[in-house]
Structure formats: C-alpha cells, structure tokens
Amino acid sequence: MDIHEYQAKEILSNFGVDVPSGALAYSPEQAAYRARELGGDKWIVKAQVHAGGRGKAGGVKLCNTENEIYQACDDLFGRKLVTHQTGPEGKGIYRVYVESAVPIDREIYLGFVLDRSSQRVMIVASSEGGMEIEDISADRPDSIVRSIVEPAVGLQEFQAREIAFQLGLEPKLVQQMVRTLQGCYAAFSDLDATMVEINPLVITGDDRVLALDAKMSFDDNALFRHPQIAELRDKSQEDPRESRAADRGLSYVGLDGNIGCIVNGAGLAMATMDTIKLAGGEPANFLDIGGGASPERVAKAFRLVLSDNNVQAILVNIFAGINRCDWVAEGVVQALKELDLDLPVVVRLAGTNVEEGQKILAKSGLPIIRATTLMEAAERVVGAWKNDLTQGTKMRAV
Ligand code: ADP
Ligand code: MG
C-alpha cells in the first residue's frame, strides 16, 4: 500500500527525520489560509498523488503570495496529474500540501528498499539528488552508495556515518545525517514498510538536513498489525479494478491486454499470462482466486475481470489440488448464466474431480470452449478472440 507525501513526512518526522513545516489543504481557500498560518513569504504547493515526478508534470509550484497559492490550487484541484509514474490516465488531485519553501544548497537521493539477493534492507544513496534513481544509475552510477543493514543489530551509527562520509557531507552535518538515516530505518522496520524514498534530501543554506519529499510503501500482508497505517489508504489513488479486488480478498493486478484470466495460484497465474503471450495474445490481468475457490468466489472473479472494459475473451485455468474442479465448473456456469455473456470463454480444468467438472460444463449447454492443456487453452482463447475480432461481432452483452 502506498501513502501520500504528507503522511510519509508525518511518520518520518515522528521517527526523528526533519522536514519543512507544512500543512494539508482540501481547497484553494484552505491552502491560502494554511500558508498564512505557516508564515514566511515563499511557499511550495504540492499536489498529493501517489506518484513521483510531480515537479516535472506541473504538480509542484513555487508561490510568493496568497493569491498565487490560490491560483496554483485552483489549477490543481480536481485535475488528473499525469507523471511518468502514473500511466496516461493520471491520478486525481484532491489534496494539496502547502510547505514553506526552503533554500537548497545540495540535493541528495536516499532510498531504503528490500534487496532480494541479500534478503536484507538496503540503503541506496547518491550525491546526485533531485534526479530519479533510474536516471542516476544510468548517468552517474559511480555516485551511488549502497549499504546493507544487518537486521539483528539494525542500522549502526558507524555504518550511518560511513554513508554520510561517502556522500561527501561536511563533518558538521554528519550527526544530522546519522539521525535521518536511523529514523528512516526505524520507520521502515517498525512499520513493515517495503520502501522509503527521500528524493531529494537536502542540505539547506543554514546547514539543516531536511526531507523535501517522502515516499513510503507498506507490506499489505502486515497491515493488520498497523491499523494506524491501514487507515491512511486513499482509494482515490488506486486503480479502481484493484481496489474492488482488494475489497473482495482477490489478488488482482490490472494490465493492458484483452484476455481476462481467472486462475488459482500465483505461479499458475504467471504461467498463464506467459502462455497467452506465447500464443500471440495479451493478458488483461493477473488474478489468483486462491486455493479453496467456491462457486460464489468464481462468480465474483468473473464480475471483477469483466469490470475491465478491455476484456474481450476469458481464460479460466484451474489446477485443482485443494480446490475441486466441480466447484469451479459450477462457479463458471453460475457466472455465465447470471452475466449473460457474449464473449468467448475457454476453460481448462485439471486435478481433483476433473471428470465431474467437465460433465457440469458439458451439461450446462453453454458455449464454453474446453481445453486440456494450458498451451491448448491459450491457443484457443487467442484464436477465439481473433476470430471474433475479424467477424466484428459485438463483444459484450453485459
Ligand atoms: P516529485 O519528486 O514528485 O517531483 P518533490 O517533492 O521531489 O516532487 O518536488 C520536486 C522539486 O521541487 C524538488 O526536487 C525540489 O527541488 C522542489 N521542492 C519541493 N519541496 C520544496 C520545498 N519545501 N522548498 C523548496 N523546494 C522544494
Ligand atoms: Mg521527489
């Protein structure tokens, strides 16, 4: 789960990371009022969306008067911000953060990520802040400092000092940098984060180390033990297809293709998507309906897959171990009858009670295309989809 910049800043500041003073606003009037409360004569108005790259996309504006703040907000509120991280549809702006503008001397990149090969938290830092880490690693790979944290002892002071020195920080700033690094690490590990990114972390003209931007993501599987974090979820920033799936306990990731996939097991779901591509099609989604899928759950999965208007054919691929093919078949029949579908559906069943499952499908009288192997299923669904396209039939009755 992702959260907003202002939320990440509040969390990090509770862990000892210094941030500029700022306040949240839900309207232009409120933003101007917040600026007056903050005082000073230069403010930054920042669109709160779950994506980076806002600065380049016009989502971060420097304002010198209350009137400018009002104008900036008037332009931002209600609009979709398209950055290189949002995809072409963009993300809606419903909140802005008003922050005191800070005189910047130096910008540093700082990230905390999970390093799969060492199975540890890795700190990635660079003296080339302000640029995206992908660009830094392409243009200035030598500037990147990497450091792995030993979980049994956490981030040690000497290790944090070493990072500060490698970034070329002046001795008088090192202690502040150590506090920042240790605060970020504590927030990361205490709250089960999967990512903390501060880009830029700045050194100000008056020698302060400040997080000017902050991004945090959390492990969904650990949210149950951090209700205060779970509360920060903002559905307006999520792909509506994925929000619906999360609310129904289904593991779904929306993609750009036309072939909807209903599969049990994450590994099989990945293999199904690969095989569809191999057969010349493009999957519309990843969907794992889980091990013990009841007919109701299968019907739910159909509804979810069909909520994506790009879906023009469906492949159901079930390998029943814990699951039962007859249950899945019942679910498919129930869903197809209920939804009155007018698009090709290919079903491949294997494993427990497969004969009963096939019988249910055959007896239903529905135009379900059956397949025995995954390759065959993928070829049939892609074939049926192409065929429908060339015939120009209406693809969807629901
Ligand atoms: P994004 O990464 O989404 O573009 P940032 O929060 O990093 O958004 O802001 C973009 C740029 O705006 C920063 O790199 C920094 O140069 C400037 N900026 C952001 N906040 C402030 C601030 N409080 N004071 C001065 N400059 C800021
Ligand atoms: Mg940034």
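Both ligands and their constituent atoms are indexed starting at 1 by order of listing.
Given atom 2 (O) of ligand 1, the protein heavy atom at minimum distance is Asp213 OD2, 3.0 Å. Counting protein heavy atoms only, atom 20 (N) of ligand 1 is closest to Lys46 NZ, 3.2 Å. For atom 4 (O) of ligand 1, the closest non-hydrogen atom on the protein side is Gly55 N, 2.7 Å. At the top of the distance list for atom 1 (P) of ligand 1, counting protein heavy atoms only, stands Arg54 N, 3.5 Å. Counting only heavy atoms of the protein, atom 9 (O) of ligand 1 lies nearest to Val60 CG2, 3.9 Å.
Look at Gly129 and you'll find every heavy atom at least 4.0 Å from all atoms of ligand 1. Heavy atoms of Glu107 approach ligand 1 to within less than 4.0 angstrom.
Taking each of Pro103, Pro200, Ala211 in turn, the one with a heavy atom nearest to atom 13 (C) of ligand 1 proves to be Pro200. Of the candidates Leu62, Leu212, Val49, Thr204, Leu212 brings a heavy atom nearest to atom 27 (C) of ligand 1.
A salt bridge links Glu5 with Lys46; the closest basic N to acidic carboxylate O contact falls under 4.0 Å. Using a cut-off of 4.0 Å between Lys/Arg side-chain N and Asp/Glu carboxylate O, Lys359 and Asp326 are scored as not salt-bridged. The residues Asp142 and Arg140 are annotated as salt-bridged, a charged nitrogen and a carboxylate oxygen being separated by less than 4.0 angstrom. No salt bridge links Arg120 with Asp115; every basic N to acidic carboxylate O contact stays at or beyond 4.0 Å. Between Glu68 and Lys61 no salt bridge is recorded (no basic side-chain N to carboxylate O distance below 4.0 Å). Comment: Lys235 does not engage Glu238 in a salt bridge, judged by the lack of any side-chain N to carboxylate O separation of less than 4.0 angstrom.
Protein heavy atoms are found less than 4.0 angstrom from atom 25 (C) of ligand 1. The nearest protein heavy atom to atom 22 (C) of ligand 1 is closer than 4.0 Å.
Each of the following atoms of ligand 1 lies closer than 4.0 Å to a heavy atom of Asn199: 7 (O). Residue contact check: Ala101 has heavy atoms under 4.0 Å from atoms 24 (N) of ligand 1. Each of the atoms 3 (O) of ligand 1 lies under 4.0 Å from some heavy atom of Gly52.
Between the side chains of Asn67 and Thr65, no donor-acceptor pair of N or O atoms lies under 3.5 Å. One side chain, Tyr6 or Arg95, offers a donor N or O that lies under 3.5 Å from an acceptor on the other.
Here the options are Asp219, Asp190, Asp192, the test is salt bridge (charged side-chain N to carboxylate O under 4.0 Å, His left out), and the partner is Arg225; only Asp192 passes.
Put simply, CZ on Phe319 and CG on Asn264 are 9.0 Å apart, with the number rounded to the nearest 0.5 Å.
The hydrophobic cluster containing Val149 also contains Phe15, counting ILVMFWY residues as joined when their side-chain heavy atoms lie under 4.5 angstrom apart, directly or transitively.
For the pair Ile104 and ligand 1, the shortest N or O to N or O distance does not fall below 3.5 Å. Note: no N/O pair closer than 3.5 Å links Glu5 and ligand 1 by distance alone.
Taking backbone and side chain together, Asp213 holds an N, O or S atom under 2.8 Å from the Mg ion (ligand 2).
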